[in-house]
Engineer: 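First the structure, then my questions, so here it is.
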Amino acid sequence: MPDAAIVVLAGTDSPAELGRVVNALQTAQEFDEAGDDVEIIFDGAGTQWVPELKDDNHDYHDLYAGLTDLMSACHYCANAYDVADEIEASSADQLDEYEGHPSIRSLVADGYEVITY
């Protein structure tokens with residue numbers, strides 16, 4: 001079984017970016033349903049999605065809510081995009097493995113396929 005790390009870099013500024021985050025979540029769901037190890041990492045502008053999708057009224061809240069145990073976010077970027085408090089209140093861990101950011105290298109070293117959206 002393949003291991004996958006889904007990295008969400010898309011911000012919240014356009015409908016195209018909404019499409020990217022939905023594709024990321026659906027891909028993660030497919031891996032999870034197949035019994036594969038999968039992680040979802042919100043990084044860069046992607047950290048803005050956590051408070052957006054956490055909202056019960058968001059169209060894709062249910063998809064997000066079904067995957068929260070697989071999610072983490074970049075510590076540095078959560079602060080840079082002013083969403084650290086919202087992420088802290090979510091179930092997503094804040095990663096700061098390499099200079100305040102998630103370590104993509106360690107995922108690769110552990111055999112994860114890294115897929116970016």
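What you see below is based on every heavy atom in this structure, not just the backbone, and it leaves out hydrogens, waters and symmetry mates.
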Engineer: Just by modelled atom types, is the Tyr112 backbone N or O under 3.5 Å from a matching donor or acceptor in the Asp110 side chain?
Structural biologist: no

Engineer: Suppose we screen for side-chain contact (heavy atoms from CB on, under 4.5 Å). Which residues come up paired with Asn23, at least two apart in sequence or across chains?
Structural biologist: Gln26, Tyr117

Engineer: With sequence neighbours left out, write down each residue that passes side-chain contact (heavy atoms from CB on, under 4.5 Å) with Leu18, or none if nothing qualifies.
Structural biologist: Val21, Val22, Trp49, His58, Tyr60

Engineer: Applying side chain to side chain donor-acceptor pair (under 3.5 Å), name anything that partners Thr12, two or more places apart in sequence or on another chain.
Structural biologist: Gln48

Engineer: Restricting to pairs with a member in residues 69-84, which pass side-chain hydrogen bond (donor to acceptor under 3.5 Å, both in side chains), not counting sequence neighbours?
Structural biologist: His75-Gln94

Engineer: Can you list everything that forms a side chain to side chain donor-acceptor pair (under 3.5 Å) with Gln29? Sequence neighbours excluded, please.
Structural biologist: none

Engineer: Quick one: list whatever passes side-chain contact (heavy atoms from CB on, under 4.5 Å) with Ser103, sequence neighbours left out.
Structural biologist: Glu97, Tyr98, Arg105, Ser106

Engineer: Nearest 0.5 angstrom please: Leu25 CG to Leu67 CG, how far?
Structural biologist: 6.0 Å

Engineer: Can you tell me if Glu17 uses its side chain to pair, donor with acceptor, with the backbone of Gly11 under 3.5 Å?
Structural biologist: yes

Engineer: If hydrophobic clusters are built from ILVMFWY residues whose side chains come within less than 4.5 Å, do Met71 and Val114 share one?
Structural biologist: no

Engineer: What pair of heavy atoms forms the shortest contact from Pro2 to Asp36, and how long is it?
Structural biologist: O-CB, 3.2 Å

Engineer: Among residues at least two apart in sequence or on other chains, which ones pass side chain to side chain donor-acceptor pair (under 3.5 Å) with Asp62?
Structural biologist: none

Engineer: Would you say that Phe42 contacts Cys77 through its side chain, given a criterion of any heavy-atom pair below 4.5 Å between the two side chains?
Structural biologist: no

Engineer: My understanding is that only one of Val38, Thr27, Asp37 makes a side-chain contact (heavy atoms from CB on, under 4.5 Å) with Asp32; could you say which?
Structural biologist: Val38

Engineer: Taking all non-hydrogen atoms of both residues into account, name the closest pair between Val8 and Ala24 and its distance.
Structural biologist: CG2-CB, 3.7 Å

Engineer: Considering all heavy atoms of both residues, which atom of Ala45 and which atom of Leu9 are nearest to each other, and what is their separation?
Structural biologist: CB-O, 3.9 Å

Engineer: Are Ile40 and Ile115 in one and the same hydrophobic cluster, where Ile, Leu, Val, Met, Phe, Trp and Tyr link if side-chain heavy atoms are under 4.5 Å apart?
Structural biologist: yes

Engineer: Which one of Leu70, Asp93, Leu107 satisfies the side-chain contact (heavy atoms from CB on, under 4.5 Å) criterion with Ile41?
Structural biologist: Leu107

Engineer: Could you give me the CA-CA distance, side-chain angles and deciding distance for Val50 and Val83, then say whether side chain to side chain contact (heavy atoms under 4.5 Å, CB included) is met?
Structural biologist: CA-CA 8 Å; Val50 174; Val83 292; over 6 Å; no

Engineer: Report the distance from atom CD of Glu39 to atom CG of Leu95, rounding to the nearest 0.5 Å.
Structural biologist: 7.5 Å

Engineer: With side chains defined as the heavy atoms from C-beta onward, is the minimum distance between Ser90 and Tyr64 less than 4.5 Å?
Structural biologist: yes

Engineer: Among all residues two or more places apart in sequence or in another chain, which pass the side-chain contact (heavy atoms from CB on, under 4.5 Å) test with Glu113?
Structural biologist: none

